[in-house]
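Throughout, a chain's letter reflects where its sequence line sits, starting with A, and its residues are numbered from 1.
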Amino acid sequence: MSEEKSLNFLEEIIEKDIETGKHGGRVLTRFPPEPNGYLHIGHAKSICLNFGLAQQYGGKTNLRFDDTNPSTEEVEYVNSIKMDVNWLGFQWDQELYSSDYFEQLYSFAVILIQKDLAYVDDSTAEEIAATKGSPTEPGIPTIYRSRSIEENLKLFEEMRSGKYPDGAKVLRAKIDLASPNMHLRDPLLYRIKHVAHHRTGSDWCIYPMYDFAHGQSDAIEEITHSICTLEFIPHRPLYDWFIDQLAIFPSHQYEFARLNMTYTIMSKRKLLQLVNEGHVTSWDDPRMPTISGLRRRGYTPKSIRHFCELIGVAKRENNIDMGLLEYCIREDLNKSAWRRMAVLDPIKLIITNYPEGQEELLQGENNPEVEDGDGSRSIPFSKELWIERDDFMENPPKKFFRLGIGLMVRLKSAYIVKCEDFVKDKNGNICEIKCSYIPESKSGHDTSGIHVKGTIHWVSVPHAQTAEVRLYDRLFQVEDPSSEEGDFKEYINPNSLQIVKPAYIEPDLMNAPSGKNYQFIRKGYFVLDKESTPQHLIFNRTVTLKDTWAKLSTNH
RNA sequence: UGCCCGAUAGUAUAAAGGUAGUACAACUGGUUUUGGUCCAGUUUGUCUAGGUUCGAAUCCUGGUCGGGCAACCA
């Protein structure tokens, strides 16, 4: 181990376990999603942790679907989860399902019954809740708690054989109805559900509860470090109890704080609501914090992995600044994304002294961060250009390094121009800007000796192509939507999507392959959307560039 | 009112009884054919009250604050 890097608490535990030879120094983790929804950035944290720790210590990680509740689970979710884990860059050792262990779990339950540690209870859900007591009052036994082992064995078998309807009976552990830990007050082990399962079909009509499936699945796989989130801390004594009573492999559960992030939500239930009620278009809507949403938005696996590394792992509640995620994608894309020019809010600029009908092909480097510019592309230039409307001001303030009467700017990769005049339409809106250019200032061959403060991007009018550009912003207007008063949906940002149609793009962008990230110079990072076609290009904005000018001008 | 977790700059995360450090954010300046990047620098912190100790973010006790637990969900 390097002496420099400090360890998080899980790394410390694992290093100690390796040192003391626990499990023969073996490390086996698991990522255990329930296939009842799409993975989000919070799952990414767990994935990076489980797979990352195993990698770090020469171990392996299983992908295990925690599919014990057939009413909510679907194959569609299984597939999306596998896709997302792979996309993030991780390979699991074995693909497993809790449902693979149904037979084994059933025999575990039989063992508990034989040890008089489990019983069949005919009470209704309400009766069971009522007899559990409260945190300050002990629970009381139902009349079924004293059934004989033989009767329990028989009834449990009948439950399995389908003799009883949903809700008629449950199997409960016999532990301690007075325990200060509510999870130990005779928790449910099995419930009857005449529901088809996405893998086992109609083989079963009783299904194990989470607590009776998870730890035992860990034990069956001989997981050495079972890592989950904080809310499972009170379950740990139960987890250990089953392992003790069944005398199976002693997996151990460790808990860390789940990820929260500003301006978004992380609850699957709430995300599902956003989809179902049409606040977003789908699970992979680029505004969603889902892995698939981030992918469609233009985030790279590398940037997400880096993010998970930076946020760290600890046991205290956290609310990570969305800005950190944005920093991670900017940092990645700055080094890799090719630069292109696109004008999103166009106004025409006419170069009065450039010959009518003349055009030339200029060269622009793909990425100034890379040696040799990572190659270059040709950019057609002509007398009429599109530029951004806000790159001109009729009455420019001090320190406005763009266009205004008498001001000069560099047209990126082209010439320096000086603004001479502008034209207004009959409504008084500026519709045209007139400039003269300095022929000796051509990019790369500048002999003019003139230095200007500002450089702006542009697209030649006769060569411009068009595209739809979708500008995404944060989904919520407040940092922590779920802690605000009222319904979280009241805080949705009404301007989270702004559609620019058409935007003018330089011709080279017509060749953009799907999934390739670009930087539109001065505007941000963009990627082709999956709905894009060659006839109708659609770009998604991943993130803006940092904009200190915008900050300055809004602050004053 | 019971049990269980937690508390270090704005946000995260280190410091294992001995200099409170790092990243992001913010701010200043420099470089720059992107008001981007890059570089240099600045500001901001141990929840509280006691105790142990030569010395406490760290150990002990009390308090405060935040979170979790009483689903036939996971």
Side-chain angles (χ1 to χ4, degrees), chain A residues 5-8 12 32-34 36 66-69 71-73 121 123-125 128-130 132-139 166-172 179-185 188-193 206-207 209-211 213-214 228 230-237 255 257 262 268-269 310-328 330-331 334-335 339 341 364-365 368-369 399-402 409-414 416 441 443-444 446 451-457 479 519-524 544-553:
Chain A
K5 196 187 175 296
S6 58
L7 305 176
N8 66 45
E12 282 179 10
E34 182 189 14
N36 68 345
D66 221 336
D67 56 349
T68 57
N69 184 0
S71 339
T72 57
E73 297 155 6
D121 195 321
S123 308
T124 63
I128 289 177
K132 272 209 177 177
S134 73
T136 50
E137 303 162 293
D166 289 8
K169 288 179 166 48
V170 292
L171 184 73
R172 297 177 74 177
S179 171
N181 182 342
M182 298 297 290
H183 294 276
L184 262 22
R185 319 251 266 226
L188 271 61
L189 271 32
Y190 271 90
R191 76 287 216 191
I192 301 172
K193 258 182 199 275
I206 58 171
Y207 292 95
M209 301 290 290
Y210 165 85
D211 284 308
H214 202 99
C228 63
L230 254 28
E231 65 269 28
F232 291 99
I233 289 178
H235 295 247
R236 184 168 6 108
E255 311 86 6
T262 58
K268 267 192 203 172
R269 202 190 89 246
L310 290 185
I311 58 180
V313 182
K315 295 188 81 141
R316 91 165 118 153
E317 312 280 339
N318 58 75
N319 198 8
I320 306 281
D321 193 336
M322 176 70 91
L324 189 62
L325 220 209
E326 296 179 341
Y327 160 80
C328 289
R330 285 193 189 107
E331 192 217 37
N334 175 50
K335 299 233 163 50
R339 272 57 168 172
M341 294 197 282
E365 56 188 356
E369 297 295 313
K399 296 205 173 173
F400 185 74
F401 306 139
R402 307 180 189 181
V409 296
R410 155 86 53 190
L411 296 170
K412 177 75 184 172
S413 301
I416 292 174
S441 67
S443 189
D446 190 344
H451 292 281
V452 294
K453 280 276 204 177
T455 299
I456 65 172
H457 60 282
E479 280 203 6
Q519 182 192 106
F520 290 179
I521 291 173
R522 299 208 301 146
K523 296 271 81 173
T544 61
L545 258 27
K546 276 171 71 176
D547 191 347
T548 49
W549 169 249
K551 201 181 294 179
L552 272 179
S553 43

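Stacking annotation: A:Y210 is not stacked on the base of B:A74 (requires ring centroids less than 5.5 angstrom apart and an interplanar angle below 30 degrees).
Using a 4.0 Å heavy-atom distance criterion, A:K412 is classed as a base contact. Residue-level contact check: A:P32 touches neither bases nor backbone, having no heavy atom under 4.0 Å from any strand. Within 4.0 Å (heavy atoms only), A:T262 reaches no atom of the nucleic acid at all. Residue contacts for A:D446: at a heavy-atom cut-off of 4.0 Å it reaches no nucleic acid atom on any strand shown. Counting any heavy atom pair closer than 4.0 Å across all strands shown, A:K453 reaches no nucleic acid atom. Residue A:Q519 is in base contact, counting any heavy-atom pair closer than 4.0 Å across all strands shown. Using a 4.0 Å heavy-atom criterion, one finds that A:F400 contacts the bases of the nucleic acid, with or without backbone contacts as well. Within 4.0 Å (heavy atoms only), A:L324 reaches sugar-phosphate atoms of the nucleic acid but no base atom. Among the heavy atoms of the strands lying under 4.0 Å from A:I233 are primed sugar atoms or P, OP1, OP2 only; no base atom is included. Among the atoms of the strands shown, only primed sugar atoms or phosphate atoms (P, OP1, OP2) are found under 4.0 Å from some heavy atom of A:A314. Using a 4.0 Å heavy-atom criterion, one finds that A:N69 contacts the sugar-phosphate atoms exclusively. When heavy atoms are screened at a 4.0 angstrom cut-off, A:T124 is found touching base atoms of the nucleic acid. Backbone-only contact: A:I311 has heavy atoms under 4.0 Å from sugar-phosphate atoms and none from a base.
The gap from the P atom of B:A20 to that of B:U44 amounts to 15 Å, rounded to the nearest Å. Between B:C3 and B:G45, the distance separating the two P atoms is 37 Å to the nearest Å. Comparing B:U43 with B:G51, their P atoms sit 33 Å apart, to the nearest whole Å. Taking atom C1' on both nucleotides, B:C24 is separated from B:U31 by 23 Å, rounded to a whole Å. Taking atom P on both nucleotides, B:G10 is separated from B:U53 by 34 Å, rounded to a whole Å. Comparing B:U48 with B:G41, their P atoms are spaced 31 Å from each other, to the whole Å.
Side chains of A:L230 and A:E317 form a contact here, defined as non-hydrogen atoms less than 4.5 Å apart. A heavy-atom distance below 4.5 Å is not found between the side chains of A:R191 and A:D166. Counting heavy atoms from C-beta outward, A:R339 and A:P368 have side chains that approach closer than 4.5 Å. Counting heavy atoms from C-beta on, the side chains of A:T72 and A:K268 never come closer than 4.5 Å. Side-chain contact check for A:L411 versus A:I456: some heavy-atom pair is nearer than 4.5 Å.
Of all heavy-atom pairs spanning A:N69 and A:E34, the tightest one is CB-OE2, 3.9 Å. The shortest heavy-atom contact between A:P32 and A:D66 is O-CB, 3.8 Å. Residues A:C328 and A:L310 share a closest heavy-atom pair of SG-CD1, 3.8 Å.
Scanning atom types as modelled, no donor and acceptor separated by under 3.5 angstrom connect the side chain of A:R522 and the base of B:U34. Not a single donor-acceptor pair, N or O on each side, falls under 3.5 Å between the base of B:A71 and the side chain of A:H183. Checked by distance alone, A:R402 brings a side-chain donor or acceptor within 3.5 Å of a matching partner on the base of B:G35. For A:S443 and B:U33, a side-chain-to-base donor-acceptor distance below 3.5 Å is present, hydrogens and geometry of angles not being considered.
For A:K399, the listed nucleotide lying nearest its side chain is B:G35; candidates were B:C24, B:A25, B:G35. Each of B:C73, B:U34, B:C5 was ranked by its minimum atom distance to the side chain of A:K315; first place goes to B:C5. Taking every side-chain heavy atom of A:P135 into account, B:G2 is the closest of B:G35, B:A23, B:G2. Of the candidates B:A74, B:C5, B:G36, the closest approach to any side-chain atom of A:L230 belongs to B:C5. Checking B:C72, B:A74, B:A23 against every side-chain atom of A:L310, the shortest atom distance belongs to B:A23. Proximity note for A:M182 (side chain, C-beta onward) versus B:A70, B:U37, B:U13: the nearest is B:A70. Comparing B:G36, B:G35, B:A74 by their nearest atom to the side chain of A:F232 picks out B:A74. For A:E12, the side-chain atoms get nearest to B:A16 when compared with the rest of B:A16, B:G35, B:G10. Listed nucleotides: B:U34, B:C3, B:A70. Nearest to the side chain of A:P180: B:C3. For A:M209, counting side-chain heavy atoms from C-beta on, the closest listed nucleotide (B:U11, B:C72, B:U37) is B:C72.
Classified by interplanar angle (parallel below 30°, tilted 30° to 60°, perpendicular above 60°), the ring pair A:Y210/A:H235 is perpendicular.
Taking side-chain N and O atoms only, A:R339 has no distance below 4.0 Å to OP1 or OP2 of B:U37. Side-chain nitrogen and oxygen atoms of A:K335 include none within less than 4.0 Å of the OP1 or OP2 phosphate oxygen of B:U37. The shortest distance between the side-chain N/O atoms of A:T136 and the OP1/OP2 oxygens of B:C3 is not below 4.0 Å. Of the side-chain N and O atoms in A:K551, one or more sit less than 4.0 angstrom from OP1 or OP2 of B:C27. Phosphate contact (OP1/OP2 of B:G36, side-chain N/O of A:T548, threshold under 4.0 Å): present.
When the salt bridge (Lys or Arg N to Asp or Glu O under 4.0 Å) test is applied to A:E326, no partner is found at least two apart in sequence or on another chain.
Paired with A:I416 under the rule side chain to side chain contact (heavy atoms under 4.5 Å, CB included), one option of A:V409, A:D446, A:T455 passes, and it is A:D446.
Annotation: of the two residues near RNA chain B, A:E317 and A:I456, the 5′-most nearest-nucleotide partner is A:I456.
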Convert the base pairs of RNA chain B into dot-bracket notation, remembering that pairs crossing earlier ones are written with [ ] and that bases paired across to another strand are shown as |; include only Watson-Crick or G-U pairs under 3.5 Å.
.((((((..((((....[..)))).(((((.......)))))....(((((..]....))))))))))).....
